[in-house]
Protein chains: 4
Amino acid sequence: MRADARRNRDRVLEAARAVFAERGASASTEEIAAKAGVGIGTVFRHFPTKEVLLEAILLDRVAKISAEARRLTTAPDPGAALLALVKHMVEQGATKRMYINALADAGLDSLGSRVGQSTVGREMVDELGALLARAQVAGAIRHDIGVTELIALVVGVSRAAEYTAWDGGVLARTLEVVIDGLRARG
Amino acid sequence: MRADARRNRDRVLEAARAVFAERGASASTEEIAAKAGVGIGTVFRHFPTKEVLLEAILLDRVAKISAEARRLTTAPDPGAALLALVKHMVEQGATKRMYINALADAGLDSLGSRVGQSTVGREMVDELGALLARAQVAGAIRHDIGVTELIALVVGVSRAAEYTAWDGGVLARTLEVVIDGLRARG
Amino acid sequence: MRADARRNRDRVLEAARAVFAERGASASTEEIAAKAGVGIGTVFRHFPTKEVLLEAILLDRVAKISAEARRLTTAPDPGAALLALVKHMVEQGATKRMYINALADAGLDSLGSRVGQSTVGREMVDELGALLARAQVAGAIRHDIGVTELIALVVGVSRAAEYTAWDGGVLARTLEVVIDGLRARG
Amino acid sequence: MRADARRNRDRVLEAARAVFAERGASASTEEIAAKAGVGIGTVFRHFPTKEVLLEAILLDRVAKISAEARRLTTAPDPGAALLALVKHMVEQGATKRMYINALADAGLDSLGSRVGQSTVGREMVDELGALLARAQVAGAIRHDIGVTELIALVVGVSRAAEYTAWDGGVLARTLEVVIDGLRARG
DNA sequence: AATGAATGAGGGTTCATTCAT
DNA sequence: CATGAATGAACCCTCATTCAT
């Protein structure tokens, strides 16, 4: 791919990330083009559909979580690692609703969930599942939940936090409740 | 207000509740009018803006929660009462995103949150606060959280459940984790 | 239907007829709206799709031919009647390509031909067929052709005449050749 | 012109012929470039406008008819030769609307008809005219028509046949009518 | 007061044409 | 010269809102 094309593609992606995060998925493609400083046609050249653009962003996010989960698989204390990852995901995603939607979609098999059906989506679920299983074996996390519930909780807290008006303290305390709920009972 | 006007207003509200719950806030006003069996002009006569119509529904929901919380204030076991209310709210709201948005807004003071600034919104927060305080005094609920965190958790779990593809079991287990997290530690 | 709605609908139809005739089916809906003196939304209220609008015009034309053919069924000299109808159709349609397309479509059963599959389309074919059969029985028209060929010829001459630059004389002489070809040989 | 440039030009022409024949003049330039195996820029280098590209193809077709007519000028039976040419043109053109439009344009002097004003266009008209005159002198063709009418008839039948759904039989019978109409009356 | 027709800005998408690589 | 990325006007269509009936 040509250098200028690559640069524009990246600009569009970056702009889309920002705009979708701020306005939700119903933000206009025109606004994204404007923010990226390119013509509307350029957006559609790189992403033939608005949906494709959304997907590209989401898959990117999901891939990052996946990578992080994989890295943590070999951590000495799997329980602490998992809880840290949960914290990280929530804090990262707190103001970025798209990010969270990607996660939510990945937890789904249903039709209509492109992310859930994608390879990278399934990989992320697998990685998280492995990490969770190890944490449960280590006795750190309760045994009556699976990846789906884990993802649901991360998504939930993140969604709740979407309203940026809730300051960091609220988010931290809310997260604490969830994390305590996840721990295995003595 | 004339009797027929009153009747039409109510019909519109009911239709809007149903349509918004099913399709989300982006549902068209035309569909609501059709479902209510009135002309679109009638909808706009009673609610000069789509936003106003949404608000009316939300305030109504909030008022209902408020009433329920008030009723539970005198319950013998405040801890159990609160947890039951949380469960109820989540289950109610699980498939009705509008309902949940009302809750979320009520937890906010921020500009832009009409519900949060409304009288009925503040009342609901107060009622929930009172119930929470009693449950904490009774030793059932941890002391490091306030109403805001409580609402955040309800909103969060509900939002996570918005994807109806997550079956009831997932919702139940997710809720269980949160409720366990809310309990005071022995 | 309200009087104003009816009036606007008619205006749109009339404008569409003119614009499509002049520019072909690829003319823009916007231009039609402008010519009709209404907003673009009005066009789409009455005809939810560009295709529907086209169809409405075509079916109207076809219905008119149908009616004329039916009237001629009882003419004393069916041969002369048919040839007159052919002449009339060509002269009418000479500058109106949409009109002719409707005819062409009606001669088709194929998928994609909405007119050909419509009731009014089939009726027209039936009427023309009856008239043709009578003219053949009367010995005025050769026996080795059917309605399809008849329509093909009308469409053909009309299409040839679409270029308005060909003056009336050319059209008349061309038509004469075809009509002579249609006659039964002594 | 460099050899590779020449080769690309030819490839584009060939691709354009195929694509326009299949999709009509509204086919996209991009598709032509793809089929030719060149970049879109190359198409526009050789043909600065889509219209120019169309014209180039049409002129080529017209030149071919011209050549064929010239060859037939010395045929022993000019009447049969002309009717055969008519048949040939129609059958050739039946599925290639572009080809036919070239013919139609050539029959025109009018403004807007680039083909009609081109040298090769005029030449074709002259050749056809000569052939027709000879056929009339030989007593095979009626005397009350000229080249313009002849072209009109070919164009007409071809246009009528554009709808490929009309099978070969219909086309043959329609053509027969026209050819009979063209013959001189005993 | 009720109706629903009219409006037009805005949204996603296409494509001929230009121009940097 | 060739390439294909960039551009933006234009297209079809939707929907909140206004206003004549």
Side-chain angles (χ1 to χ4, degrees), chain A residues 1-9 12 26-33 36-53, chain B residues 1-9 12 26-34 37-51 53, chain C residues 1-9 12 26-33 36-51 53, chain D residues 1-6 8-9 12 26-34 37-51 53:
Chain A
M1 183 179 278
R2 257 163 54 179
D4 56 344
R6 171 102 246 144
R7 199 181 57 242
N8 273 335
R9 188 176 193 281
V12 169
S26 68
S28 87
T29 316
E30 202 103 25
E31 186 179 350
I32 292 169
V38 303
I40 181 74
T42 302
V43 175
F44 277 91
R45 158 168 281 269
H46 289 292
F47 306 94
T49 282
K50 196 190 177 183
E51 212 189 349
V52 169
L53 176 54
Chain B
M1 182 180 284
R2 266 163 46 176
D4 56 344
R6 172 96 240 147
R7 201 182 56 243
N8 273 339
R9 206 192 115 97
V12 169
S26 68
S28 86
T29 317
E30 194 91 35
E31 188 179 348
I32 292 169
V38 303
I40 180 119
T42 304
V43 175
F44 276 87
R45 157 165 292 273
H46 289 293
F47 306 93
T49 280
K50 197 188 177 185
E51 211 189 348
L53 175 55
Chain C
M1 182 179 280
R2 258 162 54 178
D4 56 343
R6 170 102 247 144
R7 200 182 55 242
N8 273 335
R9 188 177 192 281
V12 169
S26 68
S28 88
T29 316
E30 202 104 22
E31 186 179 349
I32 292 169
V38 304
I40 181 75
T42 303
V43 175
F44 278 92
R45 159 168 282 268
H46 289 293
F47 307 94
T49 280
K50 196 190 177 183
E51 210 189 349
L53 176 54
Chain D
M1 182 179 283
R2 263 163 49 176
D4 57 344
R6 171 99 240 147
N8 273 340
R9 205 192 117 97
V12 169
S26 69
S28 86
T29 317
E30 194 91 36
E31 188 179 347
I32 291 169
V38 303
I40 182 130
T42 304
V43 175
F44 276 89
R45 158 164 290 271
H46 288 293
F47 306 94
T49 281
K50 196 188 178 184
E51 211 190 348
L53 175 55

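Sequence lines set the chain letters: A, B, ... in the order given, protein chains first and strands last, and positions in each chain run from 1. FYI, side chains are in, hydrogens and waters are out, and symmetry mates aren't considered; it's all heavy atoms of this structure. Quantities reported herein were computed from a predicted structural model and do not represent experimental measurements.
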- request: For DNA chain F, produce a single dot-bracket line, 5' to 3'. Pairs: Watson-Crick or G-U wobble, both distances under 3.5 Å. Symbols: ( ) within strand, [ ] crossing, | other strand, . unpaired.
  value: .||||||||||||||||||||
- prompt: In whole angstroms, how far is the C1' atom of F/dT7 from the CG atom of A/Asp4?
  reply: 13 Å
Pairs of donor and acceptor atoms involving the side chains of residues 39-48 of chain B, under 3.5 Å and at least two apart or interchain, shall be tabulated with distances.
none

- line: Taking for C/Arg7 and for A/Ala3 the nucleotide of DNA chain E with the nearest heavy atom, the one nearer the 5' end belongs to C/Arg7
- prompt: Earliest and latest nucleotide of DNA chain E, 5' to 3', sitting under 4.0 Å from a non-hydrogen atom of chain C?
  reply: E/dT3 to E/dA9
query: What is the nucleic acid contact for D/Ala27, judged by heavy atoms within less than 4.0 Å: base, sugar-phosphate only, or nothing?
result: sugar-phosphate
- request: Tell me, please, which residues at least two apart from C/Arg6 pass salt bridge (charged side-chain N to carboxylate O under 4.0 Å, His left out).
  value: C/Asp10
message: Using heavy-atom distances to pick each residue's nearest nucleotide on DNA chain F, tell me which of A/Val38 and B/Ser26 is more 5'.
response: A/Val38
task: Grab the two heavy atoms, one from A/Val12 and one from A/Ile32, that are nearest each other, plus how far apart they are.
output: O-CG2, 4.0 Å
message: Among residues at least two apart in sequence or on other chains, which ones pass side chain to side chain donor-acceptor pair (under 3.5 Å) with A/Glu31?
response: A/Arg23
Side chain to side chain donor-acceptor pair (under 3.5 Å) involving C/Arg2 - partner list, sequence neighbours excluded: C/Asp4
statement: 5'-most contact on DNA chain E (nearest-nucleotide basis), D/Glu30 vs C/Asn8, goes to C/Asn8
Members of residues 40-50 of chain B that approach DNA chain E, where some heavy atom sits under 4.0 Å away: B/Ile40, B/Gly41, B/Thr42, B/Arg45, B/His46
statement: B/Leu53 atom CG is separated from F/dC15 atom C1', nearest whole Å, by 15 Å
field: Donor-acceptor contact below 3.5 Å, side chain B/Lys50 vs main chain B/Ser28
entry: no
- prompt: With respect to the phosphate group of F/dA10, does any side-chain polar atom (N or O) of C/Ser28 fall under 4.0 Å of OP1 or OP2?
  reply: no
